[in-house]
Amino acid sequence: MKFASSYEPGEYESDIYGAWEASGIFSPKITSLPIDNDGDGADDREDSRGTYSIVLPPPNANGNLHIGHGLTVALEDSLIRYYRLRGDSSWYIPGADHAGFETWVVYERELEKKGHTRFEFNRDELYSRVWNFVAEQRGNMELQLRALGASCSWEDLTFTLDENVIDRVYTTFEKMWNDGLIYRGEKLVNYCPKHRTAFADIEVEHEDEKGTLWDIAYQYEGGEIIVSTTRPETLFGDAAVAVNPNDKRYKKIIGKMVKLPLTDREIPIIADEHADPEYGTGAVKITPAHDFDDFEVGERHSLERIQVIAEDGKMVNVPDEYYGLTTTECRKKVLKDLKSQNLLRGEKTIEHAVAHCYKCGTTIEPMLKEQWFVDVEKLAKDAIQALKEDKIKFYPESKKQILINYYENLKDWNISRQIPWGIAIPMFRKIDDRATDEPDWIFDRRTNLREIEKAGVKYIRDEDTFDTWFSSSHWPIVCTNWTEENLNPYYPLNVMETGADILFAWVARMIMMGLYVTGEVPFREVYLHGLVLDAHGKKMSKSKGNVINPIDLVTKYGSDAFRLGILRGRSAGLNQAFSENSVISGRNLCNKLWNISRLIQSLVDKADEESESYSTLNMGEDWICREINDCLDAVEKDMKEYRFSEAIETLYQTIWDKYADWFLESQKLYQNTSLLKETLKTLLVALHPFAPFVTEAIWQNLDWTEGFIANAKWPKKLKYDPISAENFENIRIIVSEVRTTLAGLGSGKNAKKYGLLYDNDSLVADNSLLIKLLTKVPTINTLEGAPRGLRLALANRELYLDVPAKVVEDYKEALTEKILAVGRELDALNMRMMNPNYIDKAPAALVKETRDAIKEKEALIARLKTQLEII
RNA sequence: GGGGUUUUAGCUCAGCUGGCUAGAGCGCACGAUUCACAUUCGUGAGGUCACAGGUUCAAGCCCUGUAAACCCCACCA
């Protein structure tokens with residue numbers, strides 16, 4: 001016997017994965033390139049697609065997978081495996097992300113642990129150090145993906161720093177540069193003084209915090225104006241005081257020069273809509289170099305941008321006594337000095353949003369820097385158009401409009417990062433001042449060089465690297481090897497499956513980049529999953545200690561159990577709780593299926609006949625064929641609509657409740673082995689996308705299966721007799737009623753005592769063995785003489801449990817309750833029929849259904865009442 | 001400040017185009033049993049579907065409003 005009495009995933013999983021990988025079934029070769037006879041760019045073959053492609057959102061190369069990756073793989077691999085079974089050439093393309101900033105933070109921490117800082121090394125040294133660090137870490141993540149069952153084509157693994165990726169990124173950058181979509185600008189950027197790098201808006205986290213709003217007097221001849229600020233230390237960078245042009249209080253003094261406190265400088269009072277008369281004193285100091293709003297006010301009024309906070313977070317361009325202080329120290333001193341000069345006129349506590357570095361929590365300092373920007377206007381416009389034309393379908397649907405709103409308000413994209421770990425920006429700055437005719441910046445791919453010479457002019461490479469999202473927005477393009485010359489059947493991807501949290505950062509940018517580079521959307525559908533929360537619906541975090549490691553669950557319960565568990569009860573776009581219970585339930589299903597197979601294999605072993613083709617021989621067999629077909633229909637529909645949870649639910653019910661508890665039980669009377677084989681194979685294949693390992697382990701253990709189930713064909717519908725199938729439903733109803741009634745009589749042991757009597761019922765007579773088996777009643781006989789015992793609550797059958805009069809007496813109360821309950825149902829139905837509008841307006845079929853139901857209930861009540869009278 | 005999502009059994013969630021006598025898993029209660037499986041089998045309890053109106057023959061589902069929770073976006077000094 002090959003089947004142990006329970007399924008032990010640990011004994012099979014790694015061997016199975018190894019066998020799959022070695023067989024090459026995960027690596028689709030593009031066997032036939034498109035055939036384009038008429039030159040319209042479209043593939044002329046009838047079945048022009050036949051391909052199914054998904055890229056794995058590349059996990060960070062520097063660490064372990066977390067629960068979100070577990071969900072990602074469960075979703076994506078189910079799709080990939082399903083379409084592979086359906087006969088498509090499925091391509092699951094794995095990747096790894098150098099994760100510029102993320103990895104950099106991890107590495108810098110390592111450096112600090114060893115007592116070093118980044119400033120001891122130059123950019124190139126740092127780059128190669130991180131490269132080695134990542135190379136050490138990367139294998140982990142890839143092994144974990146295998147443990148989750150991801151049927152990736154490993155030979156196609158793409159790393160975000162692979163040469164072809166960098167190449168493609170440079171090509172795009174060059175095209176954008178030539179199209180005028182790239183510009184260098186001095187703008188305020190989000191700057192983290194700890195990490196010393198700029199961020200995109202999206203990488204900044206805003207939090208409401210308590211702060212203080214101070215009132216400070218700025219004096220002029222014959223008067224003063226009180227400004228309100230939360231950042232007194234930046235006053236050294238003030239270029240003006242703004243008031244609202246409609247603010248009557250200040251109208252007369254617009255244009256006056258005021259003396260900037262603690263300095264000798266004078267700044268003007270200007271009129272600008274930005275000043276809100278309702279807020280504070282209605283007058284606001286303008287610091288263009290250190291505040292996003294003020295920057296814009298400064299632009300409108302051509303104000304000087306005075307930088308007073310340096311990149312290390314310390315004060316510069318300020319009077320000596322403040323120079324070199326941190327912003328916090330400086331704030332204290334400024335307040336103290338203002339107070340001593342009697343210029344501090346008030347303070348109050350307010351609540352305001354403060355920007356933080358999403359990694360270290362340090363307050364973001366708006367900083368004036370020269371950076372590379374992408375002009376997003378046209379890119380966003382094209383993306384919006386594509387979305388409005390429904391070129392991409394979203395799951396959940398609501399995300400589409402959210403994305404359109406995002407595009408509509410998108411600001412230019414800062415793509416410069418001041419960290420060494422990343423793709424070097426291929427721009428070189430002229431250092432030869434005499435070459436006045438030459439442009440200041442030129443594009444060149446030779447980023448391995450620090451200096452280059454062109455036409456006798458020397459240029460030095462920009463030290464900055466690209467924002468990670470600039471390269472990863474090319475992911476569908478680079479992973480499928482799309483090129484200008486190659487009509488690639490795998491591009492666009494069928495679906496982009498990823499976390500809803502990176503809709504803006506990643507999905508939005510892939511769409512813009514896909515359209516810009518290829519002229520086509522990069523994927524036809526987007527499925528977004530939500531966060532996996534802990535069992536109580538709280539976010540998982542290290543500090544809360546509620547983090548669940550997917551690999552721990554895989555080790556404990558098996559990969560399939562994890563996949564089934566995490567998909568259960570989950571729908572698109574929602575942040576939903578997850579608990580070990582659902583994994584346990586998945587583990588139980590695997591074991592159930594294992595034992596079902598064990599039973600069937602043992603039955604097949606015992607059988608002598610060897611029939612290749614199956615046919616149904618009794619009602620139970622017809623019934624299970626019908627149920628399995630319904631299940632296949634449901635699963636197919638669910639997969640098309642990404643309803644993973646429902647597909648699994650249906651499979652679970654079909655395998656456990658229908659196949660095992662009814663059909664296999666009924667097969668214990670005698671066995672139709674060819675049908676057993678066929679139905680088991682069908683169910684195994686249908687479950688395979690979700691539970692790849694156990695289905696493969698079983699497949700390999702069965703004597704009558706070939707090849708890998710991972711590479712099998714999706715089952716065809718089974719043939720059966722529908723009338724016979726429906727008859728089995730009646731058996732089920734009878735059996736259920738017997739069981740319920742027996743349970744209502746008290747002890748389950750009664751089943752051993754009481755026989756079943758029938759009057760003129762050929763269905764029961766013909767299937768008495770089966771009914772005995774399923775109900776455990778000892779005898780089934782025809783009723784002789786007057787009715788006796790307990791009549792079953794079935795409308796159209798004369799069935800009695802042969803119980804003594806005293807027991808019937810005890811059952812009286814239950815019977816009365818039953819009559820009342822049916823009566824209530826009957827009343828509800830009658831109410832419906834009494835409404836003439838119902839008969840007029842409801843569909844005829846429904847009205848008939850109601851009429852039939854009424855007849856049935858009436859009959860049932862009549863029978864039960866007779867029974868009551870007999871008692 | 002703007003937007004979105006959620007609210008159904010003790011817990012986690014289904015319920016797709018309105019037809020529902022509202023389902024599942026886990027948990028709970030009662031019972032069974034060693035011959036595929038205790039990771040088992042059978043039975044059951046438990047819900048005015050957040051609240052208030054409305055549309056409809058018919059509302060968990062559609063509309064309006066209210067409340068709560070969560071999330072995203074946003075420069076408010």
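What you are looking at is a predicted structure, and each value in this text was computed from that prediction instead of being measured. Below, read A as the first sequence line, B as the second, and so on, with proteins coming before strands; counting in each chain starts at 1.
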**5′-ward residue of the pair Trp662(A)/Ala283(A) relative to RNA chain B** =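 Mapping each residue to its closest nucleotide by heavy atoms, the 5'-most match is Trp662(A).
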
**Message:** Assuming nearest nucleotide by heavy-atom distance, tell me which of Glu351(A) and Arg739(A) is located more 5' along RNA chain B.
**Reply:** Arg739(A)

Any heavy-atom pair between the side chains of [Y] and [X] that's under 4.5 Å?
X	Y	value
Arg331(A)	Thr327(A)	no
Pro9(A)	Arg587(A)	no
Gln576(A)	Leu533(A)	no
Ile596(A)	Ile698(A)	no
Pro288(A)	Glu299(A)	no

Residue [X], side-chain heavy atoms: nucleotide from [options] that is nearest:
X	options	value
Ser6(A)	G25(B), A74(B), U39(B)	U39(B)
Glu8(A)	A77(B), U39(B), G19(B)	U39(B)
Asp661(A)	G42(B), C16(B), C26(B)	G42(B)
Ser585(A)	G25(B), U40(B), U43(B)	G25(B)
Tyr838(A)	C57(B), C75(B), U21(B)	C57(B)
Lys539(A)	C71(B), C13(B), G44(B)	C71(B)
Lys668(A)	A36(B), A77(B), G19(B)	A36(B)
Arg598(A)	A14(B), A36(B), C16(B)	A36(B)

Between [X] and [N], is there a side-chain N or O to OP1/OP2 distance below 4.0 Å?
X	N	result
Ser571(A)	A14(B)	yes
Asn595(A)	U40(B)	no
Gln576(A)	A14(B)	yes
Lys411(A)	A74(B)	no

Measuring only the [atom1] atom in each nucleotide, how far is [N] from [M]? A whole number of Å is fine.
N	M	atom1	answer
U64(B)	G4(B)	P	12 Å
A14(B)	A9(B)	P	12 Å
A67(B)	U21(B)	P	33 Å
C11(B)	U5(B)	P	25 Å
U39(B)	A50(B)	C1'	38 Å
A68(B)	C26(B)	C1'	26 Å
A58(B)	U6(B)	C1'	27 Å

Could you state the [atom1]-[atom2] distance from [X] to [N], rounded to the nearest angstrom?
X	N	atom1	atom2	result
Leu528(A)	C72(B)	CG	P	14 Å
Glu665(A)	A36(B)	CD	P	9 Å
Ile648(A)	A14(B)	CD1	P	13 Å
Leu599(A)	C41(B)	CG	C1'	14 Å
Lys592(A)	C41(B)	NZ	P	4 Å
Ile402(A)	G2(B)	CD1	C1'	12 Å
His529(A)	C71(B)	NE2	C1'	15 Å
Lys399(A)	U6(B)	NZ	C1'	12 Å

Is [X] touching bases, backbone alone, or none of the nucleic acid, heavy atoms closer than 4.0 Å?
X	value
Gln653(A)	sugar-phosphate
Glu580(A)	nothing
Ala842(A)	base
Trp656(A)	sugar-phosphate
Asn591(A)	base
His274(A)	base
Ser645(A)	nothing
Pro843(A)	base
Glu825(A)	base
Ala353(A)	sugar-phosphate
Asp276(A)	base
Thr850(A)	nothing
Lys538(A)	nothing
Phe504(A)	sugar-phosphate

**Prompt:** For the rings on Phe644(A) and Tyr527(A), is their centre-to-centre separation under 6.0 Å?
**Reply:**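 Yes, close enough.
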
**Item:** Short side-chain donor-acceptor distance under 3.5 Å, Thr850(A) and Lys848(A)
**Value:**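 Short answer, no.
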
**Prompt:** When rounded to the nearest 0.5 angstrom, what is the spacing between CD1 in Ile655(A) and CD1 in Ile648(A)?
**Reply:** 10.5 Å

**Request:** Quickly, which of Trp594(A), Phe3(A), Phe693(A) forms a ring-ring contact (aromatic ring centres under 6.0 Å, His included) with Tyr12(A)? Name it, please.
**Result:**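 With Tyr12(A) as partner, ring-ring contact (aromatic ring centres under 6.0 Å, His included) holds for just one option, Trp594(A).
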
**Prompt:** Heavy atom of residues 288-296 of chain A under 4.0 Å from RNA chain B: which residues?
**Reply:**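 The answer is Asp291(A), Asp293(A).
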
**Message:** If the threshold is 4.0 Å, N to carboxylate O, is there a salt bridge linking Glu665(A) and Lys668(A)?
**Reply:**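 Salt bridge flag = yes for Lys668(A) with Glu665(A).
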
**Complete:** Each base of RNA chain B marked ( ) or [ ] if paired in-strand (Watson-Crick or G-U under 3.5 Å), | if paired to another strand and . if unpaired gives (((((((..((((.....[...)))).((((((....).))))).....(((((..]....))))))))))))....

**Message:** Given the ring of Trp413(A), does Arg509(A) sit roughly above its face, with NZ or CZ under 6.0 Å from the centre of the six-membered ring and within 45° of the axis?
**Reply:**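 Checked: cation-pi criterion met.
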
**Asked** Tyr652(A) ring centre to Arg568(A) NZ or CZ under 6.0 Å, with the angle to the axis within 45°?
**Response** yes

**Request:** For Arg832(A) and Ala828(A), indicate whether the former's side chain and the latter's backbone hold a donor-acceptor pair under 3.5 Å.
**Result:**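 No; judged by distance alone, with no hydrogens or angles, the pair does not exist.
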
**Message:** Does Arg570(A) contact C13(B) through a side-chain donor or acceptor facing the base, at a distance under 3.5 Å?
**Reply:** no

**Prompt:** Considering residues, nucleotides and ligands other than Glu397(A), do more than 12 of their heavy atoms fall under 6.0 Å from its CD?
**Reply:** no

